[in-house]
Amino acid sequence: MTEATIVHPFRRAAVQKWLAVGLLIRFIVMPLATHSDLLSIYQRAHLILAGRPEGPNINLLNALHTGFLWLARPLIPYQSLWGGLQETTVSAAEWLNFVNSPAVFRTLFLLKVPYLAFELLALWALLSLVEPAKAPRTTAFWMLNPVVIFSTYIFGRFDIIIVWLLLSALILAKKDRPQLALLTLGVAAIVRVYPIILVLPFAFILKERWQDRFRLAAIGGLPLFASMALGTSSVQFGTVQNYGGMPHLEYPLAMKFFLFGQDNLYIFVFLYALIIMSLYLHPRLGFENLKRFCFYVMLMFFATSFFHPHYLLWLIPFIAFYIDVPQLLPLHGVQISAWMIYTFQWGRSLAGYLIASISPAFFWAIVSPSEWIGQYYPADQLVGLGRSLFSASCLAIAYLVWRKYGGAFNPTIGRARPEVPAATPAEAGGV
Amino acid sequence: MFRGLKALVIVVTLMSLSGCVDVPLVGQGSFGENKFDLYGERRIAQEFLSTDRNLNRIDIWLNPSRVLKGKESLVERRQALKRLTGKNVEFRLYELPSGSFEPKEENRVQTLRLPAKKIRNAALYKLSFKPLPDSQRQRYLLELRAPSLSKDLAVSAVITHIDRYPKGRAILNGVPAARRDLRFTPFIRMNARMVANSAYSRFQADTPFTLFWLGLIGLTSAAAVWLWRRADQEEELKDD
């Protein structure tokens, strides 16, 4: 056995140095930035802690945050911060009061500490899934990735929990525990509904027999459907009747071709169905295929669906699996740049407001990039251009991975491809 | 990826350092539609407190001249606008000694004129001037008058129906009006230094956390440097 297979990557100095640099960035950012959504989720936790009957449903997400808030409560001026809040979402005035509070830095820091713990768990899981030799590069990629820092510590969203669950599902799949993998994926779907789109690739790739596939798919869908049946899903309004009205369910259907009357072609559904059908027609087994096809599905989702900027975090572990593919990192750079432009559509709430705690008056008044650009060029067009570039980069990344690891119908997918010997000068037509 | 992050940092830093952000001190919003006509000797004033330095702008809600009312066609509007040519609404800004609301000529700090023909919609009109460095905790009186306008050409300001701005009051033709305010918004120009001061005072407000946070950053920085060197040494040993 080599040293690399014995020692977990976290114990290697080459990994630890990136970990330290990444932690430094996180510690600097944690108390300074937030979106009002962070306050809203903890507001719901506060209502549960206070035992308000009109409060939100106790679902998995709210229960987790209730625990986080209970732990942080002795260290923050709880009454002055939460005492007056009654609703399950935070209004602009309440958010302004919060960022103006003298304890805002302390509170923001403490409320994000659980996310940091989940991030370290996610990184641990990620490094368990990559070859030991790639660990330092993967750590650097993860710890310095602007999407990770933005989603978790600037926007302050809980998507890192979903990423950890996704990676845990992949680890379980790699360890040949398909039922547990699907159950974990199902739990992730309770927190955010979208991981449900990975249930079918998991079921098709982890099992060959139809009965087994059905069973796996049922296990994957069980937590979400059970929570819907119990009326305590991640939907804020929490009932089965309201579930269909969630705007989130419309996002993957946003890109469509209108054909006639009620006849529409939904692009994401169309591409998703093609990927699943390809798995049906040309069965692919093994962990490498699982990673790759999940990556394709996620790329298609982001290329064709409306999404909130912090969702992009879900894609980052999959990019991390393939950072050694030539030209992938530059394309990811293009993807992130385009994503930044895409975020302009949220105006000031994703610009100055994010760091309003530093100087509320200044960052409340500062114009957003779209307002500034709007003086010279239509901002909605620029956002559309950024979105188009983003979608193109998603497809280009899918193509790069497809090119590197073989086509969808190549039976050697997932296996090491034989090295092609370099052509001799004579073969190449030289002298 | 790194380039994108770098660009974002540069843009944010430049925007912060440029000092080009006008920050509102207070806003009256839509708390009233009572009009106060401005023409001849009529004048409306508002006293207010500038809580910070660099007072540089005041936005005032104005309604267009009566003569424009109901003039839909281009020809009619042109004729009406012709009558407003060369006529102005005048804005005077005075420093107020404490306890007084009587403007004195020697305390006048700004005089601005807005051509009446430019007031074509009911909207907030921006009056900008060079930032006043000594405006912190200074009381001011903003006075509006339009001596060149006759009654049929009057433009109007708007006053609130509640005491929306408790730190000052409206003064109508020299008489203080209780529980009434002009619909206005004063601004200060915040520069990078003021932002830094604001952040500093906010960190100062929670010293235990600030010390903990700075200590954490210091320790993590030291750990990063140490681990970086150790990783380099391990790399060199491997090469040997």
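To find a chain, count down the sequence lines: A is the first, B the second, and so on, and within it residues start at 1.
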Quick check on A/Leu19 against chain B: is it the side chain, the backbone, both or neither that has a heavy atom closer than 4.5 Å? neither
Going through the checks in order, is the side-chain contact (heavy atoms from CB on, under 4.5 Å) test met by A/Phe363 and B/Val195? CA-CA 9 Å; A/Phe363 288 106; B/Val195 176; 4.2 Å; yes
In short, B/Arg202 meets A/Ser101 closest at the heavy-atom pair NH2-O, 3.7 Å
Is any side-chain heavy atom of B/Leu227 closer than 4.5 Å to a side-chain heavy atom of A/Trp18? no
Sort B/Trp213 into side chain, backbone, both or neither according to what part of it lies under 4.5 angstrom from a heavy atom of chain A. side chain
Against chain B, work out which of A/Val15, A/Asn100, A/Val104, A/Val21 has the most heavy-atom pairs shorter than 4.5 Å and name it. A/Asn100
Pairwise distance CZ(A/Phe27) to CD1(B/Ile217) - rounded to 0.5 angstrom: 9.0 Å
If we only count heavy atoms from C-beta on, is the A/Arg12 to B/Glu234 side-chain gap below 4.5 Å? no
Highest number of heavy-atom pairs under 4.5 Å with chain B among A/Leu23, A/Ile28, A/Val147 belongs to A/Ile28
Interface moiety of B/Tyr200 toward chain A, non-hydrogen atoms closer than 4.5 Å: neither
Kindly indicate whether the side chain of B/Met190, heavy atoms from C-beta on, has any atom under 4.5 Å from the side chain of A/Ser359. yes
Does atom CZ of B/Arg77 have more than 12 heavy-atom neighbours from other groups under 6.0 Å away? yes
Any side-chain heavy-atom pair of B/Asp206 and A/Pro102 under 4.5 Å: no
Which value, rounded to the nearest 0.5 Å, describes the distance between B/Phe212 atom CZ and A/Leu75 atom CG? 9.5 Å
How far does OG1 of B/Thr210 sit from CZ of A/Arg106, to the nearest 0.5 angstrom? 8.5 Å
Nearest atoms (heavy-atom pairs only) where B/Asp22 meets A/Ala365: O-CB, 3.5 Å
Check this for me: B/Lys35, atom NZ, are more than 12 non-hydrogen atoms of other residues, nucleotides or ligands nearer than 6.0 Å? no
On a heavy-atom basis, the closest approach of B/Ala224 and A/Ala20 is CA-CB, 3.6 Å
Correct closest heavy-atom pair for A/Ile358 and B/Ser198 would be O-OG, 3.7 Å
With a 4.5 Å heavy-atom cut-off, do B/Leu216 and A/Phe109 have their side chains touching? yes
When you look at CZ of B/Arg229, are more than 12 heavy atoms from neighbouring residues, nucleotides or ligands closer to it than 6.0 Å? no
Any idea which heavy atoms bring A/Gln16 and B/Arg230 closest together, and the distance? OE1-NH2, 3.7 Å
